[in-house]
Asks: 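One structure coming up, written as structure tokens, with questions to follow.
Proteins come first, then strands; the chains are lettered A, B, ... in the order of their sequence lines, and each starts at number 1.
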Amino acid sequence: MTRIVESEETSQKKRKNRRFRIKTSSVFVFVMLIYSVLHFLVMWVGVNANSILLSFKTYDFFTGTYTDPSFENFISNLKMIFYNIDNNVNHYKDMLLSSLAFFIVSCFVTLPIALFFSYFIFKKILANGFFKVIFFLPSIIPLIILTTVFSISVGSKGPVGQLLTQMGLQPENFFIEDKSAQWMIWIFCVWAGIGYDVILLTAGMSRIPRDILESCKMDGVPTFKEFLYIVIPLTWSTITTLFIFGMMSVFTVFLQPFYLAPAAQSTWTIGTHIYFEARGGIALNEPATMGIFYSLIGAPIIVGARALMNRFFKEVSY
Amino acid sequence: MKKKLLILPLMALTVGTVTGCNKNSVAPRSGSSLMVCVYDGGYGTEWIKQVALDYEAKTGVHVEWAADQNILTRLQTDLKSPSYDIYMSHDISWQSYAAQGLLEPLDDLYESEVEGTGKTFKQRLTSGAAEISKFNDHYYKSCYTLGAGGFVYNVDLFEQHNWNIPTTYDELTSLCQTIVAADIPVGAGGLNSLVPIAWSSTEFYWDYPVFEWWAQLAGLEKIEKWKSMQGTDGKNSTGYQVYDPNGNYKEFIQAYEMWYNLIALNHSFSNNNPQDTVLNNACALFASGQAAMIPYAQWAKWEIQSNSGTQFTFDIAMMKTPRANSSVTTDYNYNVGFGDSIIVGKNIPEESKVMAKDFIRYLAGKEACKTFVEKARGAFLAFDYSIVDLGDLLNDKYIASVYSKLTTCTQFNLVSTAQIAIVNASAIMPWIDNDYYYAKAFAKPSDYTPSVIGAAIYSSAQKSWPSWMQRAGVHD
């Protein structure tokens, strides 16, 4: 009898303890997550909601106020954007072309180069650890330092610049003229962007089962075929992700043109323009509308591209 | 369990520490403290330090001041709950802030008498300053400085080689040729040759002599026409016509052509690859005596020494910009930075507003005006200096030369009060969209000839005008 009573008491105590543990764990999890959730609600949901609302308003400079939101205001803001693009007001047309170019640069230049280097690092060529560090360094150094080092190195007084001068080029003009400045920005973005892709791709490649690679070796599969028919399909999900990131660079590249070639405004991107127009703190309806407009166009294209790319190779689990 | 309880206060401490880490935080106001923020730039901070001390000695009011290069990026936010009572800087969108109710009206300050001068604050301001400080029938700012710009030159070098100060453009060109031909060894080991003019990728410093050539050729009437931003028919919608290179803007393009012929087509007149040279390096060339001249503005003496890390071992001076041709009979001085502002926040305690206005009124007095010139090494506040005894300061050749430009030349500025110009300030300026061509033209002269530039500016203005009008809410 006593044992049964003890058993009931014990199980009651255990249930009570479990409930207490669940309660304290829940409180703990809630407290740990509340900051992140609040941050997301304010800085993402709130900011984006406000941006959408702003695009439906117009600004009166001389009263310092925004009008009430209306569809007519949104149309008016859109019309101004179309007009500015059409007439290249404040380099709006150049901005569009400059931004779109980053899709080509990121997806069809940086990514293939990164894929190539990743494969050889994965194959553990001589000093592959050193190359890993070299490629990843630009990704962890602040952009302002990176761009300053790059522009000084390539400028007429830098080591690379002096070499280029010997070759008959004029590095002193590279960041002055719009055309050459654009090329320098692209070269910088490729150089600085390879590392991030390499790290992700080598991580993806390292997941490939060893026995597949060993059997390729035993079957005498050439390196090039192994790369094309084994490695790429098996890391396709990583490649797709990086391709999508590359597409997004149309919108995310914004400080590189300003730091490298501030005088060449035709190299500025959508992000650069939005940043500088919003920085003034007034007439925010204009950059907000620009952001909404390009997001409405860009989002379905990026989602569609992802779906299309996923059709190339089936998802492989291993 | 104990670990979980420990984590919570640690988190709170971390968050609190991070959010409290603000190097710009200001000490809480006490009743007798005035908080002043100045842009940390070419005037240095010695002047505000001395003026603050003098003001405290006179009134007993302690002045907490700070110099901040980043103030403009956070000014709008700051004004909603101001950390400072007074802000002094260039590029303040004061009309916008006034419209939002963020600025204290200064009408009473303008009507009050400045001690020791027998004049009101408004009367103490230099000509034209009060007019550009009014918005919606109230004064919301005071002009900050009275600027001067042009060619700063090495006085000792000129005297040593018996070079006359050029008074005409042809003499300037001839002087540059003489310097190049002389091939004077300079620098460590004498391995370099003296260059006539040092400049850098901070190319807008060329505006100072170029704008004065524009004024010489066009006259002030045309410049005022440009500032009106109205077409030949008096309408706002045709205002882009002020940029017509065959009309109102002809002389501006001619002034650019003068620069183009002097510098873009004569690379030997400049330091090596100026378009790829940072300002500090150009300053270093001049301060070390490797360049005879440098285009600069009134903050030259302080800033060149600060940027180059070299104290001048020779006298410098600012010459009057050489006259464009023999038909020019007037010397002009472009008031660089005439649009710079001193503002008082609206959302500060009432007693702070009183102190702020009293401090600004003190700046208009003789003592503060002289202190500014002395400590800023030749820059002048935007007040009438005819009653200020600069005395021994005028023994400094640089200060004397700037003073001469301010008192013997016809003054002009490019601050437009046209609504379209106020709203689109960064786009509507002599160089549309802030597109400068000096560096580009030096790099590739054939692509940036005066005719090409004139057409490009006009086309850009014409296309952008409807957009700018809409933005500014301007109609005919």
Asks: Looking only at heavy atoms, which of residues 286-298 of chain A get nearer than 4.5 Å to chain B?
Replies: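 Hits under 4.5 Å: Glu286(A).
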Asks: If you tally heavy-atom pairs under 4.5 Å against chain A, which of Ser96(B), Ser93(B), Gly473(B) wins?
Replies: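 If we count pairs closer than 4.5 Å to chain A, Ser96(B) comes out on top.
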Asks: What verdict does the side chain to side chain contact (heavy atoms under 4.5 Å, CB included) test give for Asn88(A) and Lys463(B), after you've listed the backbone C-alpha separation in whole Å, the side-chain angles of each residue and the deciding distance to 0.1 Å?
Replies: CA-CA 8 Å; Asn88(A) 203 21; Lys463(B) 284 180 186 170; 5.8 Å; no
Asks: Relative to chain A, which segment of Glu203(B) carries a heavy atom at a distance below 4.5 Å: side chain, backbone, both, or neither?
Replies: side chain
Asks: Specify the closest pair of heavy atoms between Ala263(A) and Asp435(B), including all atoms of both residues, with the distance to one decimal.
Replies: O-OD1, 4.3 Å
Asks: Under a 4.5 Å heavy-atom cut-off, does chain B meet the side chain of Ser76(A), its backbone, both or neither?
Replies: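 Contact with chain B is through both the backbone and side chain of Ser76(A).
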Asks: Run the numbers on Tyr92(A) and Ser467(B) for side chain to side chain contact (heavy atoms under 4.5 Å, CB included), then give the verdict.
Replies: CA-CA 12 Å; Tyr92(A) 265 45; Ser467(B) 181; over 6 Å; no
Asks: Taking 4.5 Å as the heavy-atom cut-off, does anything in residues 158-188 of chain A contact chain B, and if so which residues?
Replies: Glu172(A), Asn173(A), Ile176(A), Glu177(A), Asp178(A)
Asks: How long is the gap from CH2 on Trp468(B) to CE on Met80(A), to the nearest 0.5 Å?
Replies: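 Going from the CH2 atom of Trp468(B) to the CE atom of Met80(A) covers 12.5 Å.
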Asks: Look at Gln95(B), Gln76(B), Gln462(B) and state which one has the largest set of heavy-atom pairs under 4.5 Å with chain A.
Replies: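 Result: the option with the highest number of such pairs is Gln76(B).
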Asks: Which pair of non-hydrogen atoms, one from Lys157(A) and one from Asn272(B), has the smallest distance, and what is that distance?
Replies: NZ-O, 4.1 Å
Asks: Does any backbone or side-chain atom of Ala98(B) lie under 4.5 Å from a heavy atom of chain A? Answer side chain, backbone, both or neither.
Replies: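 Neither the backbone nor the side chain of Ala98(B) comes within 4.5 Å of chain A.
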Asks: Can you tell me which of Ile432(B), Ile422(B), Thr277(B), Asp276(B) forms the most heavy-atom pairs within a distance under 4.5 Å of chain A?
Replies: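 Among Ile432(B), Ile422(B), Thr277(B), Asp276(B), the one with the most close pairs to chain A is Asp276(B).
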Asks: Determine the option with the most heavy-atom pairs under 4.5 angstrom with chain A, choosing from Val278(B), Leu75(B), Asn434(B), Asp433(B).
Replies: Asp433(B)
Asks: Pick one of side chain, backbone, both or neither for Asn90(A), based on which atoms fall under 4.5 Å of a heavy atom in chain B.
Replies: both
Asks: Which bit of Phe442(B) is near chain A, if near means a heavy-atom gap under 4.5 Å: side chain, backbone, both or neither?
Replies: neither
Asks: Chain B heavy atoms under 4.5 Å from Ser156(A): which part of the residue, side chain, backbone, both or neither?
Replies: both
Asks: Inspect the surroundings of NZ in Lys444(B) and state if more than 12 heavy atoms from other residues, nucleotides or ligands are less than 6.0 Å away.
Replies: no
Asks: More than 12 heavy atoms of other residues, nucleotides or ligands under 6.0 Å from CG of Asn17(A): is that the case?
Replies: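 Atom CG in Asn17(A) is packed in, count exceeds 12.
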Asks: How many angstroms lie between atom CG of Asn77(A) and atom CD of Gln470(B), to the nearest 0.5 angstrom?
Replies: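 If I round to the nearest 0.5 Å, the distance is 7.5 Å.
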Asks: So what's closer than 4.5 Å to chain A heavy atoms on Ala427(B): side chain, backbone, both or neither?
Replies: neither
Asks: Between Tyr97(B) and Gly64(A), is there a donor-acceptor pair closer than 3.5 Å when you use the side chain of the first and the backbone of the second?
Replies: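 No, the answer is negative, given that no donor and acceptor are paired below the 3.5 Å cut-off.
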